[in-house]
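Reading through the structure tokens given below for one structure.
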Amino acid sequence: MEFQDLMSQVQQEAEEGILAAQDLDTLEELRVKYLGRNGILRQQYKQIGDLPEEDRPLAGQALNKANGSLQKLFEGRKSALSDQAEQQKLQAEAIDVTLPGRAPEIGHQHPLLATLDEMIEIFLGLGFVVAEGPEVEDYYHSFEALNYPEYHPAMDEQDTFYVSDDVLLRSQTSTVQIRTMAKQEPPVRIIAPGRCYRRDTVDATHCHTFYQLEGLLVDEDVTFADLKGTLEIFAHSMYGERCHVRFRPDFFPFTEPSAEIALTCTLCGGEGCRICSDSGYLEVGGSGQVDPNVLAGVGYDTEKYAGYAFGVGVERFAMLRHGIDDIRLFYSGDMRFLEQF
Ligand code: DAH
């Protein structure tokens, strides 16, 4: 093929390629292929030397022209593609300021802790102060100081998780009674809210982890009537005057006499329902007059001082408050449950 023909064929191919290129990378490949240092046009310049002497000037001129026009076409296409890429980028990054914003999800207090706060608030109003103790306890504060004889069967229901023979996760907040009395002289008027643990099989009313609210009052002339009156005021403040507090004899090593505390089931108003097993009452905890052995154990003068104590399950109060029939819901982390409060 004649040099000129070959050249115009190359030029045509190159032009078509440049115009068809849809992105800068493709365009750059074409530039290297045709106009690069080892490109096709460079090769053609070299071939001019092989032409007959008289043809060389014309061939040179034609090649220069082709080179110039391809160069121009390339530049033009490059700037067009750059503009296009810029436009696409802008479009992709565009923010629609008219779109409504995404509202952050605002959390709220867990129903269990909200109930606990409500309970604490009532006792603060009655002159109690909040006391605290560790969740990881020792045998002495958990049992010995609470007047549990060694191997006493009352410890069975307090079976818990042991870190070692002497160190365990507390099974009741009654431990805080001992820790508080060891630190101060009467009068004592504390509530101790907190988490407890037991080796219980999890079901609708039991969980290995749960909350209690403990109460302890030690002073001169404290009677069982004071305990009853205080718990009645508390129950009425929580659930209204129609809530009846039922006391029934019970046994706890650290109180004598001891009483189980049950409240009118708020779900059926005492009529009897599934949640209260048709009894009209829901057991919420235990209470009693502090056993003199416990007071003597912390060095209190039992001739002068007496006390009452109680411990209630916070989950029970939250269940009564909201009509919840399964304790596991509190610990499920299920948003469908939590969002209802
Ligand atoms: N600690 C007991 C329990 O978890 C409840 C209890 C009963 C607490 C009597 C008291 C009390 O303070 O006086 O079963």
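Just follow the structure's listing: the first ligand is 1, and inside any ligand the first atom is 1.
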Give the atom numbers and elements of ligand 1 that come within less than 4.0 Å of a heavy atom of [X].
| X | value |
| --- | --- |
| T255 | 13 (O) |
| S174 | 1 (N), 8 (C) |
| Q158 | 3 (C), 4 (O), 14 (O) |
| G288 | 13 (O) |
| F252 | 7 (C), 9 (C), 14 (O) |

Item to complete: Determine the sole option in Q172, E137, E135 for which the side chain to side chain donor-acceptor pair (under 3.5 Å) test with Y197 is passed.
Response: E135
Where is the nearest protein heavy atom to [atom]: which residue, which atom, and how far?
| atom | result |
| --- | --- |
| atom 12 (O) of ligand 1 | E214 OE2, 2.6 Å |
| atom 7 (C) of ligand 1 | G286 C, 3.3 Å |
| atom 5 (C) of ligand 1 | G311 O, 4.0 Å |

Is there a side-chain contact between [X] and [Y] (heavy atoms, below 4.5 Å)?
| X | Y | answer |
| --- | --- | --- |
| V176 | E214 | no |
| Y140 | I178 | yes |
| I324 | F330 | yes |

Please determine if [X] has a nitrogen or oxygen closer than 3.5 Å to a nitrogen or oxygen of ligand 1.
| X | value |
| --- | --- |
| Q177 | yes |
| Q212 | yes |
| Q172 | yes |

Tell me which part of [X] gets within contact of ligand 1: side chain, backbone, both or neither, using heavy atoms under 4.0 Å.
| X | answer |
| --- | --- |
| R198 | side chain |
| F254 | side chain |
| A309 | both |

Discussion item. Is S258 close enough to touch ligand 1? Criterion: a residue heavy atom under 4.0 Å from a ligand atom.
Written reply: no
Practice prompt. Quick one: sort the F341 and F337 rings into parallel, tilted or perpendicular, breaks at 30° and 60°.
Written response: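 F341 vs F337 ring planes: perpendicular.
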Practice prompt. Check the pair M181, L295 against side chain to side chain contact (heavy atoms under 4.5 Å, CB included), reporting the backbone distance first and the verdict last.
Written response: CA-CA 8 Å; M181 289 191 287; L295 297 178; 3.8 Å; yes
Item to complete: Assess the side chains of E150 and Y139: does a donor N or O sit below 3.5 Å from an acceptor N or O?
Response: no
Worksheet item: Hey, does the side chain of R198 reach the backbone of S171 with a donor-acceptor pair shorter than 3.5 angstrom?
Response: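 At least one qualifying donor-acceptor pair exists.
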Discussion item. Could you check whether any side-chain N or O of S258 sits under 3.5 Å from a backbone N or O of F252, counting only pairs where one atom can act as donor and the other as acceptor?
Written reply: yes
